[in-house]
Q: 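This is the structure I have questions about; it appears just below.
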Amino acid sequence: DTGVSQNPRHKITKRGQNVTFRCDPISEHNRLYWYRQTLGQGPEFLTYFQNEAQLEKSRLLSDRFSAERPKGSFSTLEIQRTEQGDSAMYLCASSLRQMNTEAFFGQGTRLTVV
Amino acid sequence: QKEVEQNSGPLSVPEGAIASLNCTYSDRVSQSFFWYRQYSGKSPELIMSIYSNGDKEDGRFTAQLNKASQYVSLLIRDSQPSDSATYLCAVNQAGTALIFGKGTTLSVSS
(Lines give C-alpha, C1' and ligand atoms only; values in the text may rest on other atoms or scores of the structure.)
Protein backbone atom coordinates (compact mmCIF):
# COMPACT_ATOMS: atom_id res chain seq x y z
CA ASP A 1 0.00 0.00 0.00
CA THR A 2 1.55 3.31 -1.06
CA GLY A 3 -0.93 5.66 0.59
CA VAL A 4 -0.54 7.79 3.70
CA SER A 5 -0.33 5.60 6.79
CA GLN A 6 -1.22 6.67 10.35
CA ASN A 7 -0.68 4.82 13.59
CA PRO A 8 -2.32 4.04 15.85
CA ARG A 9 -5.83 4.07 14.41
CA HIS A 10 -7.39 4.50 17.81
CA LYS A 11 -6.02 5.73 21.12
CA ILE A 12 -7.77 5.97 24.46
CA THR A 13 -5.85 7.80 27.15
CA LYS A 14 -6.44 9.22 30.58
CA ARG A 15 -6.50 12.95 31.06
CA GLY A 16 -3.03 14.29 31.82
CA GLN A 17 -1.16 11.58 29.90
CA ASN A 18 1.05 12.25 26.90
CA VAL A 19 0.28 10.67 23.53
CA THR A 20 2.23 10.42 20.28
CA PHE A 21 0.89 9.70 16.81
CA ARG A 22 2.87 8.73 13.73
CA CYS A 23 2.29 9.53 10.07
CA ASP A 24 4.12 7.98 7.12
CA PRO A 25 3.44 10.02 3.97
CA ILE A 26 3.37 8.84 0.37
CA SER A 27 7.03 8.17 -0.35
CA GLU A 28 7.77 10.89 -2.92
CA HIS A 29 5.70 13.57 -1.15
CA ASN A 30 7.75 16.29 0.51
CA ARG A 31 4.88 18.16 2.16
CA LEU A 32 3.13 16.78 5.22
CA TYR A 33 0.16 18.29 7.03
CA TRP A 34 -1.54 17.64 10.36
CA TYR A 35 -5.20 18.43 10.90
CA ARG A 36 -7.66 17.87 13.74
CA GLN A 37 -11.33 17.17 13.14
CA THR A 38 -14.21 17.08 15.60
CA LEU A 39 -17.76 15.94 14.94
CA GLY A 40 -19.64 18.16 12.52
CA GLN A 41 -16.62 20.28 11.68
CA GLY A 42 -14.21 20.38 8.79
CA PRO A 43 -10.56 19.50 9.32
CA GLU A 44 -8.79 22.22 11.31
CA PHE A 45 -5.21 22.97 10.26
CA LEU A 46 -2.56 22.34 12.92
CA THR A 47 0.83 22.46 11.21
CA TYR A 48 2.72 21.54 8.07
CA PHE A 49 6.20 20.53 6.99
CA GLN A 50 8.13 20.82 3.80
CA ASN A 51 10.77 18.12 4.04
CA GLU A 52 12.06 18.42 7.63
CA ALA A 53 11.23 22.11 8.03
CA GLN A 54 8.08 23.06 9.93
CA LEU A 55 6.83 25.95 7.78
CA GLU A 56 3.55 26.88 9.39
CA LYS A 57 1.84 26.31 12.70
CA SER A 58 -1.69 27.34 13.59
CA ARG A 59 -1.88 30.23 16.04
CA LEU A 60 -4.69 28.31 17.73
CA LEU A 61 -2.36 25.42 18.51
CA SER A 62 -1.64 24.98 22.19
CA ASP A 63 1.96 24.75 23.44
CA ARG A 64 1.06 21.22 24.55
CA PHE A 65 1.16 20.17 20.90
CA SER A 66 4.44 19.54 19.13
CA ALA A 67 5.27 17.95 15.81
CA GLU A 68 8.47 16.75 14.23
CA ARG A 69 9.54 15.36 10.90
CA PRO A 70 13.11 14.15 11.28
CA LYS A 71 14.94 13.58 7.99
CA GLY A 72 11.87 14.69 6.06
CA SER A 73 10.28 11.26 6.14
CA PHE A 74 7.69 10.21 8.74
CA SER A 75 6.24 12.70 11.20
CA THR A 76 5.12 12.50 14.81
CA LEU A 77 2.55 14.60 16.62
CA GLU A 78 2.78 14.67 20.40
CA ILE A 79 0.17 16.00 22.77
CA GLN A 80 1.35 16.56 26.32
CA ARG A 81 -0.92 16.62 29.38
CA THR A 82 -3.98 15.64 27.38
CA GLU A 83 -7.33 17.24 28.12
CA GLN A 84 -10.84 16.04 27.30
CA GLY A 85 -11.09 18.77 24.68
CA ASP A 86 -8.26 17.09 22.77
CA SER A 87 -10.58 14.21 21.87
CA ALA A 88 -10.84 14.30 18.08
CA MET A 89 -9.73 12.62 14.88
CA TYR A 90 -6.15 13.58 14.03
CA LEU A 91 -5.56 13.52 10.30
CA CYS A 92 -2.31 13.53 8.36
CA ALA A 93 -2.06 14.40 4.68
CA SER A 94 0.81 14.63 2.22
CA SER A 95 1.43 16.25 -1.13
CA LEU A 96 4.15 17.17 -3.57
CA ARG A 97 5.78 20.56 -3.25
CA GLN A 98 4.85 22.14 -6.56
CA MET A 99 1.95 24.47 -7.25
CA ASN A 100 -1.52 23.07 -7.81
CA THR A 101 -0.76 19.82 -6.10
CA GLU A 102 -3.29 17.51 -4.49
CA ALA A 103 -3.15 16.40 -0.87
CA PHE A 104 -4.09 12.87 0.20
CA PHE A 105 -5.16 11.88 3.68
CA GLY A 106 -4.32 8.90 5.86
CA GLN A 107 -6.97 6.95 7.74
CA GLY A 108 -6.65 9.16 10.80
CA THR A 109 -6.04 8.50 14.49
CA ARG A 110 -9.11 8.69 16.71
CA LEU A 111 -8.11 10.03 20.15
CA THR A 112 -10.41 9.69 23.13
CA VAL A 113 -9.37 11.33 26.40
CA VAL A 114 -11.21 9.97 29.43
CA GLN B 1 -8.46 35.15 8.76
CA LYS B 2 -8.91 32.97 5.71
CA GLU B 3 -12.40 31.45 5.61
CA VAL B 4 -14.17 28.84 3.55
CA GLU B 5 -17.96 28.78 3.88
CA GLN B 6 -20.34 25.96 3.07
CA ASN B 7 -23.98 25.33 3.91
CA SER B 8 -23.98 22.51 6.45
CA GLY B 9 -27.15 20.95 5.03
CA PRO B 10 -28.39 18.36 5.03
CA LEU B 11 -29.01 18.53 1.32
CA SER B 12 -31.52 15.88 0.37
CA VAL B 13 -32.00 14.73 -3.22
CA PRO B 14 -33.77 11.72 -4.75
CA GLU B 15 -31.79 9.05 -6.54
CA GLY B 16 -30.98 10.07 -10.10
CA ALA B 17 -31.24 13.80 -9.45
CA ILE B 18 -28.47 16.41 -9.66
CA ALA B 19 -26.94 17.48 -6.34
CA SER B 20 -25.44 20.97 -6.25
CA LEU B 21 -22.95 21.84 -3.51
CA ASN B 22 -21.62 25.35 -3.04
CA CYS B 23 -18.61 26.97 -1.40
CA THR B 24 -17.35 30.53 -1.02
CA TYR B 25 -13.91 31.63 0.13
CA SER B 26 -12.57 34.85 1.54
CA ASP B 27 -8.95 34.97 0.34
CA ARG B 28 -8.92 36.51 -3.12
CA VAL B 29 -5.42 35.21 -3.92
CA SER B 30 -6.42 31.57 -3.43
CA GLN B 31 -5.12 29.46 -6.28
CA SER B 32 -6.14 25.84 -5.79
CA PHE B 33 -9.56 24.41 -5.02
CA PHE B 34 -10.53 20.92 -4.01
CA TRP B 35 -13.56 18.84 -3.16
CA TYR B 36 -13.24 15.96 -0.73
CA ARG B 37 -15.85 13.35 0.15
CA GLN B 38 -15.98 12.04 3.71
CA TYR B 39 -18.05 9.10 4.83
CA SER B 40 -19.01 8.93 8.50
CA GLY B 41 -16.06 7.84 10.63
CA LYS B 42 -13.65 7.84 7.68
CA SER B 43 -10.99 10.26 6.48
CA PRO B 44 -11.51 12.72 3.59
CA GLU B 45 -11.10 11.34 0.07
CA LEU B 46 -10.13 13.68 -2.77
CA ILE B 47 -12.67 13.63 -5.60
CA MET B 48 -12.02 16.81 -7.62
CA SER B 49 -9.44 19.54 -8.02
CA ILE B 50 -9.80 22.73 -10.05
CA TYR B 51 -7.32 25.54 -10.62
CA SER B 52 -8.72 27.82 -13.33
CA ASN B 53 -12.06 29.49 -13.98
CA GLY B 54 -14.72 27.41 -15.65
CA ASP B 55 -15.91 23.83 -15.44
CA LYS B 56 -14.02 20.61 -14.96
CA GLU B 57 -15.81 17.30 -15.46
CA ASP B 58 -14.84 13.86 -14.18
CA GLY B 59 -17.47 11.18 -14.66
CA ARG B 60 -20.62 12.18 -12.79
CA PHE B 61 -18.82 15.06 -11.04
CA THR B 62 -18.40 18.61 -12.34
CA ALA B 63 -16.48 21.27 -10.44
CA GLN B 64 -17.12 24.91 -11.29
CA LEU B 65 -14.86 27.82 -10.34
CA ASN B 66 -15.51 31.55 -10.50
CA LYS B 67 -12.58 33.44 -9.01
CA ALA B 68 -14.17 36.86 -9.53
CA SER B 69 -17.09 35.82 -7.32
CA GLN B 70 -14.84 33.72 -5.05
CA TYR B 71 -17.15 30.80 -5.55
CA VAL B 72 -16.61 27.11 -6.27
CA SER B 73 -19.27 24.45 -6.68
CA LEU B 74 -19.63 20.72 -7.19
CA LEU B 75 -22.38 19.12 -9.23
CA ILE B 76 -23.12 15.43 -8.89
CA ARG B 77 -25.22 14.06 -11.73
CA ASP B 78 -27.35 10.92 -11.46
CA SER B 79 -26.94 10.93 -7.68
CA GLN B 80 -26.73 7.50 -6.05
CA PRO B 81 -27.37 6.46 -2.43
CA SER B 82 -23.62 5.70 -2.23
CA ASP B 83 -22.99 9.44 -2.77
CA SER B 84 -24.52 10.13 0.66
CA ALA B 85 -21.63 11.65 2.60
CA THR B 86 -20.21 14.96 3.77
CA TYR B 87 -18.55 17.01 1.03
CA LEU B 88 -15.69 19.25 2.09
CA CYS B 89 -14.49 22.25 0.11
CA ALA B 90 -10.81 23.12 0.53
CA VAL B 91 -8.81 26.09 -0.72
CA ASN B 92 -5.17 27.13 -0.67
CA GLN B 93 -2.51 29.41 -2.09
CA ALA B 94 0.87 28.22 -3.24
CA GLY B 95 3.04 27.39 -0.25
CA THR B 96 0.27 27.32 2.32
CA ALA B 97 -1.85 24.63 3.89
CA LEU B 98 -5.34 23.68 2.76
CA ILE B 99 -8.14 25.49 4.55
CA PHE B 100 -11.38 23.53 4.80
CA GLY B 101 -15.02 24.47 5.11
CA LYS B 102 -17.23 22.69 7.63
CA GLY B 103 -18.72 20.50 4.93
CA THR B 104 -22.16 19.90 3.45
CA THR B 105 -23.98 16.68 4.28
CA LEU B 106 -25.63 15.11 1.26
CA SER B 107 -28.38 12.52 1.58
CA VAL B 108 -29.53 10.65 -1.53
CA SER B 109 -32.76 8.73 -1.07
CA SER B 110 -33.62 5.66 -3.14
Q: Please determine whether the number of non-hydrogen atoms from other residues, nucleotides or ligands lying under 6.0 Å from atom NZ of B:Lys67 exceeds 12.
A: yes
Q: Give, as side chain, backbone, both or neither, the part of A:Gln6 having an atom under 4.5 angstrom from any heavy atom of chain B.
A: neither
Q: Taking NZ in B:Lys102 as the centre, count heavy atoms belonging to other residues, nucleotides or ligands within less than 6.0 Å. Is the count above 12?
A: no
Q: Within this structure, what is the CD-OG distance for the pair A:Gln37 and B:Ser43, rounded to the nearest 0.5 Å?
A: 9.0 Å
Q: Kindly check if the number of other-residue, nucleotide or ligand heavy atoms within 6.0 Å of CG (A:Leu96) is above 12?
A: yes
Q: Is the count of non-hydrogen atoms from other residues, nucleotides or ligands lying under 6.0 Å from A:Glu68 atom CD greater than 12?
A: no
Q: Within a reach of under 6.0 Å around CZ of A:Arg15, are more than 12 heavy atoms found that belong to other residues, nucleotides or ligands?
A: no
Q: What is the distance from atom OH of B:Tyr36 to atom CD of A:Glu102, rounded to the nearest 0.5 Å?
A: 7.5 Å
Q: Nearest 0.5 Å please: distance from the CZ atom of A:Phe105 over to the CG atom of B:Leu88.
A: 8.0 Å
Q: Counting heavy-atom pairs under 4.5 Å to chain A, which of B:Tyr51, B:Phe34, B:Phe33 comes out on top?
A: B:Tyr51
Q: Has A:Tyr35 got a side-chain atom pairing as donor or acceptor with B:Leu98's backbone, closer than 3.5 angstrom?
A: yes
Q: Which of the residues A:Pro43, A:Gly42, A:Gly108 is involved in the greatest number of heavy-atom pairs with chain B at under 4.5 angstrom?
A: A:Pro43
Q: Looking at B:Asn7, I'd like to know if its CG atom is crowded, meaning that more than 12 non-hydrogen atoms belonging to other residues, nucleotides or ligands lie closer than 6.0 Å.
A: no
Q: Looking at OG of A:Ser95 and CG of B:Asn92, how far apart are the two atoms once the value is rounded to the nearest 0.5 Å?
A: 8.0 Å
